[in-house]
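Structure first, commentary second.
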Amino acid sequence: MPLSTPANRPCNGKYFDNPFPVPQRSAVPQPPAQRKARRLVPRLLSWYGKHARDLPWRRTRDPYAIWISEIMLQQTQVATVIPYWERWMRALPTVNHLARAKPERVLKLWEGLGYYSRARNLQAAANQILKNHQGQFPNTPEAIRALPGIGRYTAGAISSIAFNLPEPIVDGNVIRILTRLFGRREDPKAKVLQNELWSLAETLVRSTEDCAALNQALMELGATVCHPRSPNCKDCPVKRSCTARKDNATHLIPTAPPRARTEARSIEVYWITRGNRILLQKRPKGFHNAGFWELPNNETGPGIPLPPQSEPLTTVRHTITKYRIQLMAYAVTKPRALKGRWCRRDELESLPITAAHRKLLRQLPAPNEAAQTTA
DNA sequence: AACGCGTGGCG
DNA sequence: TCGCCAAGCGT
């Protein structure tokens, strides 16, 4: 265990003093779906016991470490996250380290992961923990949920995984598993089904004392067996209870509403060199990805008149949700007065730069070749 | 409630 | 190449 965090701390008995599971012994009969959900729990737990991957953040119950992993894993695959998480935990092993770090260092550690507001929210939350919780990670679902960047899912995940609290989680994996198990073909984003999924997830997590394992079992099953496309049903511990499988409808469930079309969009960026240096600027506040370094461009600054029919040195395409963006890099020899920082090639490594701009920079000639290229 | 946000992998 | 997808959140 390479971390300096309080790793492998055994699950403290105090977590079990909570009044749960609440025995549902009312006169009203339970809805069949909830009964079915409870029946699944032992199978899920025993399957997880055998098949859980050995992921680095599963070797600790430090809420800080688990928090970082949960934020990194939002809309991001496990394989991508692992090296980032390892690096982050070495660089900023505690809430205090994160709160005190320079924002630019935080961005640098996040560089390439995308959805960069996650990184800014992490640091804002760390400061909040310092101020409101004396640097101690909060241990109630409500207090966790109140931190910036932590929504209902992440609050449930940290509560259950780090503190073993009986808090439900509904993420993409859980949506897939539950809609398939219960044969629900409605749009899982619709409020009605959403509520039912959260209710089922709650029943599940309240049916065991190992809340951490149960919730992770759901996600693990979704990630490794119950794939979006061509699920591996033969390896599924609950296949006999799966309505979608019985109806041969796993490819139809969960229903996915059509996505919005992406629009094409071009941005001119300017390759401005002086000797062996290249001009970079920090993305200004108010723009997305504020704080990252980039080449001057006509998105965040004024355009520069280019000679007619000038060809870009290179182009890089990348897509964000709505736009397919083409960055076209033009060599500019006589820029109007632009603010920025003249950087040597080797300095670029230490600055936070988004993946799209990194790609662009890699494709550009070295700065000292400027004269020849821009003639 | 619907939209915007990054990136890399896959068929 | 293209569209879809991955441990969501804030507005």
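Given the structure is predicted, the values throughout are model-derived calculations rather than measurements. All values below were derived from every heavy atom in this structure, side-chain atoms included, with hydrogens, water molecules and symmetry-related copies excluded. We name chains A, B, ... by the order of the sequence lines, and we start the count at 1 in each one.
Side chain of A:Pro228, nearest nucleotide from C:dG10, C:dC5, C:dA7: C:dC5. Out of C:dC5, B:dG8, C:dA7, the shortest distance to the side chain of A:Lys359 is found at B:dG8. Listed candidates were C:dA6, C:dC4, C:dA7. Nearest to the side chain of A:Arg229 is C:dC4.
Proximity of the aromatic rings of A:Trp67 and A:Phe137 is defined here by a centroid distance below 6.0 angstrom, and this criterion is met.
Taking 4.0 Å as the cut-off between side-chain N and carboxylate O, A:Arg184 and A:Glu186 count as a salt-bridged pair. Contact check on A:Asp346 versus A:Arg344 returns a salt bridge, with a Lys/Arg side-chain nitrogen under 4.0 Å from an Asp/Glu carboxylate oxygen.
No option in A:Tyr64, A:Tyr84, A:Trp85 other than A:Trp85 meets the side chain to side chain contact (heavy atoms under 4.5 Å, CB included) test with A:Ser69.
Comparing the P positions of C:dT11 and B:dG6 gives an interatomic distance of 14 Å, to the nearest angstrom. B:dG4 and C:dA7: their P atoms are spaced 23 Å apart (whole Å).
Across all strands, A:Leu55 comes closer than 4.0 Å to base atoms (heavy-atom distances). At a threshold of 4.0 angstrom between heavy atoms, the contacts of A:Asp171 are confined to the sugar-phosphate backbone, with no base atom among them. Base engagement by A:Trp57 is indicated by at least one non-hydrogen atom pair under 4.0 Å involving a base atom. At a threshold of 4.0 angstrom between heavy atoms, the contacts of A:Thr154 are confined to the sugar-phosphate backbone, with no base atom among them. At a threshold of 4.0 angstrom between heavy atoms, the contacts of A:Arg324 are confined to the sugar-phosphate backbone, with no base atom among them.
Within the 4.0 Å cut-off from OP1 or OP2 of C:dC9, not a single side-chain nitrogen or oxygen of A:Arg145 is found.
The distance between atom NE2 of A:His227 and atom P of B:dG9, rounded to the nearest whole Å, is 16 Å. Between the OH atom of A:Tyr153 and the P atom of C:dC9 there is a distance of 8 Å, rounded to whole Å. Look at CG on A:Leu73: it is 8 Å from P on C:dG8, rounded to the nearest Å. A:Asn195 places its CG atom 11 Å from the P atom of B:dA1, with the value rounded to the nearest Å. A:Arg317 places its CZ atom 9 Å from the C1' atom of C:dT1, with the value rounded to the nearest Å. Taking atom CD of A:Gln194 as the reference point, atom C1' of C:dC9 lies 13 Å away to the nearest angstrom. In this structure, CH2 of A:Trp67 is placed 16 Å from C1' of C:dA7, rounded to the nearest angstrom. Per the geometry, CD1 belonging to A:Ile169 stands 11 Å off P belonging to C:dA7, to the nearest Å.
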What's touching nucleotides 5-7 of chain B from the protein side, N or O pairs under 3.5 Å?
residue, atom, partner, partner atom, Å
B:dG6, OP1, A:Tyr116, N, 2.8
B:dG6, OP1, A:Asn289, OD1, 3.1
B:dG6, OP2, A:Asn289, OD1, 2.8
B:dG6, OP2, A:Asn289, ND2, 3.4
B:dG6, O4', A:Tyr115, N, 3.0
B:dG6, N7, A:Tyr115, OH, 3.3
B:dG6, O6, A:Tyr115, OH, 2.5
B:dG6, N1, A:Gln75, O, 3.2
B:dG6, N2, A:Gln75, O, 3.3
B:dG6, N2, A:Thr76, OG1, 3.2
B:dG6, N2, A:Leu113, O, 3.3
B:dT7, OP1, A:Tyr116, OH, 3.0
B:dT7, OP1, A:Ala355, N, 2.6

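Nearest-nucleotide assignment on DNA chain C puts the 5′-proximal partner with A:Gln77, out of A:Gln77 and A:Arg152.
Within the structure, side-chain hydrogen bond (donor to acceptor under 3.5 Å, both in side chains) contacts touching residues 303-313 of chain A (residues at least two apart or in different chains) do not occur.
Going from atom OG1 of A:Thr243 over to atom CZ of A:Arg185 covers 9.5 Å, rounded to the nearest 0.5 Å.
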Checklist line | From CA spacing to verdict: side chain to side chain contact (heavy atoms under 4.5 Å, CB included), A:Arg324, A:Glu263 | finding: CA-CA 6 Å; A:Arg324 167 182 299 280; A:Glu263 298 172 26; over 6 Å; no
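Qualifying side-chain contact (heavy atoms from CB on, under 4.5 Å) partners for A:Ser266, counting only residues two or more places apart in sequence or in other chains: A:Gln326, A:Met328.
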